[in-house]
Amino acid sequence: MDKLSFKNQKDAFPLHYHSEFCISLIKKGVELINIKEKQFVGQANDITITHPYELHANPMYSETNLLSFDTLYVSDALIREILPLGKTFHFDNRVIRDLKLNELFEKIMITSTEVEKPLLEEFVVKLSSYSELTQEPKISKPLDNWEDIETYIEQHIKENISLDQLASIANLNKYSFSRKFKDTTGITPVHYTLMKKVFHCKETITKQCTLTEKAYEYNFTDISHFSKAFKKFVGVRPTTYQQKFLP
């Protein structure tokens with residue numbers, strides 16, 4: 001489980017996803033979450049939630065809105081360990097106001113890894129009362145051959161991924177593929193593969209690694225290109241993430 005804190009965030013987040021449940025406690029400001037045709041609004045003392053692999057965007061509420069929030073990234077596997085019968089969450093409402101949940105959330109944020117599990121278990125069980133419990137996550141495939149497209153991207157994540165190759169996997173020409181991909185996901189294949197690169201690379205960053213080497217390892221043009229892409233999707237630059245958020 002990862003923990004991140006953001007203060008006075010004033011940049012919009014484009015369409016992206018997280019591989020875990022993204023559970024945030026808003027401390028200040030207003031958060032907008034766009035998921036497909038719906039928009040959810042979180043304010044101070046609200047908990048907001050997105051599902052794993054769920055494409056969503058966070059546009060700016062206003063030019064003067066400064067957003068501060070803490071976030072827990074909790075894997076689906078960990079949720080299934082805690083909930084009965086190995087089930088997981090599904091939330092229709094993504095904004096929850098519950099002061100007891102807030103209290104548990106804040107304790108988890110400041111608790112060391114060695115003793116946080118009982119708090120997390122209590123938090124997850126209480127949070128489950130706001131969700132539908134399900135055996136399988138309710139995530140629809142954007143395209144036919146989606147699993148094959150995902151597999152190809154994962155296997156070639158450190159390479160320059162070809163639009164022609166992705167289109168051939170989908171049995172479409174690249175123009176039809178690009179149009180259909182954007183129509184069904186809301187983003188272009190290039191944007192999507194860039195996002196995948198960033199999040200895959202994020203999982204490999206350590207305190208000791210050299211970020212310039214990471215940039216070239218994942219086929220970014222240079223460290224500047226890598227840094228801008230990382231901040232676009234994660235919210236902080238890779239140097240900040242490495243220095244402040246890693247144990």
Side-chain angles (χ1 to χ4, degrees), residues 1-7 9 13 16-58 67-141 199-200 202-203 233-236 241 244-247:
M1 180 178 68
D2 288 336
K3 307 173 187 179
L4 293 180
S5 294
F6 297 87
K7 291 185 178 179
Q9 185 79 22
F13 285 85
H16 65 288
Y17 74 81
H18 307 281
S19 57
E20 308 93 350
F21 283 96
C22 178
I23 306 171
S24 298
L25 175 59
I26 310 302
K27 311 301 282 291
K28 183 180 73 173
V30 179
E31 179 190 33
L32 299 181
I33 308 173
N34 290 351
I35 304 172
K36 295 184 178 178
E37 70 281 0
K38 294 183 179 180
Q39 183 173 80
F40 300 90
V41 182
Q43 303 180 59
N45 296 316
D46 287 340
I47 287 177
T48 62
I49 300 169
T50 56
H51 295 119
Y53 302 104
E54 178 174 62
L55 281 166
H56 61 283
N58 302 99
L67 181 62
S68 296
F69 58 97
D70 294 335
T71 296
L72 300 173
Y73 296 99
V74 187
S75 70
D76 183 70
L78 185 52
I79 297 296
R80 291 177 186 274
E81 284 181 18
I82 296 171
L83 293 178
L85 302 176
K87 291 191 176 182
T88 190
F89 293 140
H90 178 76
F91 295 90
D92 286 324
N93 182 20
R94 307 312 178 82
V95 180
I96 296 168
R97 176 161 292 203
D98 184 319
L99 295 182
K100 178 60 177 175
L101 274 174
N102 293 4
E103 180 183 331
L104 288 168
F105 187 108
E106 290 179 331
K107 286 181 179 178
I108 293 169
M109 287 296 298
I110 62 173
T111 302
S112 64
T113 304
E114 293 76 15
V115 294
E116 74 184 9
K117 189 172 181 181
L119 286 172
L120 180 63
E121 290 175 347
E122 186 179 354
F123 178 78
V124 167
V125 170
K126 185 165 181 59
L127 186 61
S128 69
S129 65
Y130 292 93
S131 78
E132 174 190 350
L133 298 187
T134 178
Q135 205 67 47
E136 294 297 330
K138 297 182 177 181
I139 300 173
S140 59
K141 296 187 298 181
F199 282 111
H200 193 283
K202 172 176 169 283
E203 296 304 312
F233 294 112
V234 180
V236 295
Y241 177 75
K244 293 186 177 181
F245 297 123
L246 291 178

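As a basis for the values below, the full set of heavy atoms in this structure was taken, side chains included, without hydrogen atoms, waters or symmetry mates. If you read the sequence from its start, that first residue is 1, and numbering goes on from there. All values reported here derive from a predicted model rather than from experimental measurement.
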Asks: If you round to the nearest 0.5 Å, how far is CD1 of Ile110 from OG of Ser5?
Replies: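 CD1 of Ile110 is found 11.0 Å from OG of Ser5.
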Asks: Check each of Leu120, Leu83, Thr88 against Leu78 using the side-chain contact (heavy atoms from CB on, under 4.5 Å) test, and report the only one that passes.
Replies: Leu120
Asks: Is it the case that the ring center of Phe199 lies less than 6.0 angstrom away from the ring center of His18?
Replies: yes
Asks: What heavy-atom pair brings Phe69 and Ser24 nearest, and what distance separates the two atoms?
Replies: CD1-OG, 4.0 Å
Asks: I need the Ile26 CD1 to Arg97 CZ distance, nearest 0.5 Å.
Replies: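 Here the interatomic distance stands at 10.5 Å.
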Asks: Check whether any side-chain heavy atom of His16 lies under 4.5 Å from a side-chain heavy atom of Phe233, and answer yes or no.
Replies: yes
Asks: Is any side-chain N of the basic residue among Lys126 and Glu122 closer than 4.0 Å to the acidic one's carboxylate O?
Replies: no
Asks: Starting at CD of Glu106, measure out to CG of Leu119 and round the result to the nearest 0.5 Å.
Replies: 12.0 Å
Asks: For Arg94 and His56, does a side-chain donor sit closer than 3.5 Å to a side-chain acceptor?
Replies: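 There is no such pair between these side chains.
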Asks: For the residue pair His51 and Tyr53, establish whether any side-chain heavy-atom pair is separated by less than 4.5 Å.
Replies: no
Asks: With a 4.5 Å cut-off on side-chain heavy atoms, are Tyr241 and Leu4 touching?
Replies: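 With C-beta onward as the side chain, the pair touches.
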Asks: Between Asp70 and Lys27, is there a side-chain N and carboxylate O pair less than 4.0 Å apart?
Replies: yes
Asks: State, to 0.1 Å, how close Gly86 and Gln135 come at their nearest heavy-atom pair, and which atoms those are.
Replies: O-NE2, 3.5 Å
Asks: Any chance you could measure Thr71, atom OG1, to Phe21, atom CZ, to the nearest 0.5 Å?
Replies: 15.0 Å
Asks: NZ/Lys107 to CE/Met109 distance, rounded to the nearest 0.5 angstrom?
Replies: 15.5 Å
Asks: Do Tyr130 and Phe91 have ring centres separated by under 6.0 Å?
Replies: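 For Tyr130 and Phe91, the ring centres are not under 6.0 Å apart.
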Asks: First locate atom CG of Asp98, then atom CZ of Phe123, and finally report the distance between them rounded to the nearest 0.5 Å.
Replies: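 Rounded to the nearest 0.5 Å, the CG-CZ separation comes to 9.0 Å.
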Asks: Can you see whether Tyr73 has Lys202 sitting over its ring - NZ or CZ less than 6.0 Å from the centre and within 45° of the normal?
Replies: yes
Asks: If you look at every heavy atom in Asn102 and Asn45, which pair is closest and at what distance?
Replies: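 Closest approach of Asn102 to Asn45, heavy atoms only: ND2-O, 2.9 Å.
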Asks: Does Ile79 reach the side chain of Val74, with side-chain heavy atoms less than 4.5 Å apart?
Replies: yes
Asks: Could you check Leu32 against Phe40 for side chain to side chain contact (heavy atoms under 4.5 Å, CB included), going step by step and ending with a plain yes or no?
Replies: CA-CA 6 Å; Leu32 299 181; Phe40 300 90; over 6 Å; no
Asks: Step by step, would you call Phe89 with Val124 a side chain to side chain contact (heavy atoms under 4.5 Å, CB included)?
Replies: CA-CA 9 Å; Phe89 293 140; Val124 167; 3.6 Å; yes
Asks: Between Thr48 and Gly42, what is the shortest heavy-atom contact and its length?
Replies: CG2-CA, 4.0 Å
Asks: Check whether any side-chain heavy atom of Ile49 lies under 4.5 Å from a side-chain heavy atom of Leu127, and answer yes or no.
Replies: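 Sidechains of Leu127 and Ile49: in contact.
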Asks: Any side-chain heavy-atom pair from Leu67 and Val30 closer than 4.5 angstrom?
Replies: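 The answer is no; the side chains never approach within 4.5 Å.
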Asks: Report yes if the side chains of Glu31 and Val41 come closer than 4.5 Å at any heavy-atom pair, otherwise no.
Replies: no
Asks: Just so I know, are the side chains of Gln9 and Lys7 near enough to count as touching, which here means a heavy-atom distance under 4.5 Å?
Replies: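 No, too far: nothing below the 4.5 Å cut-off.
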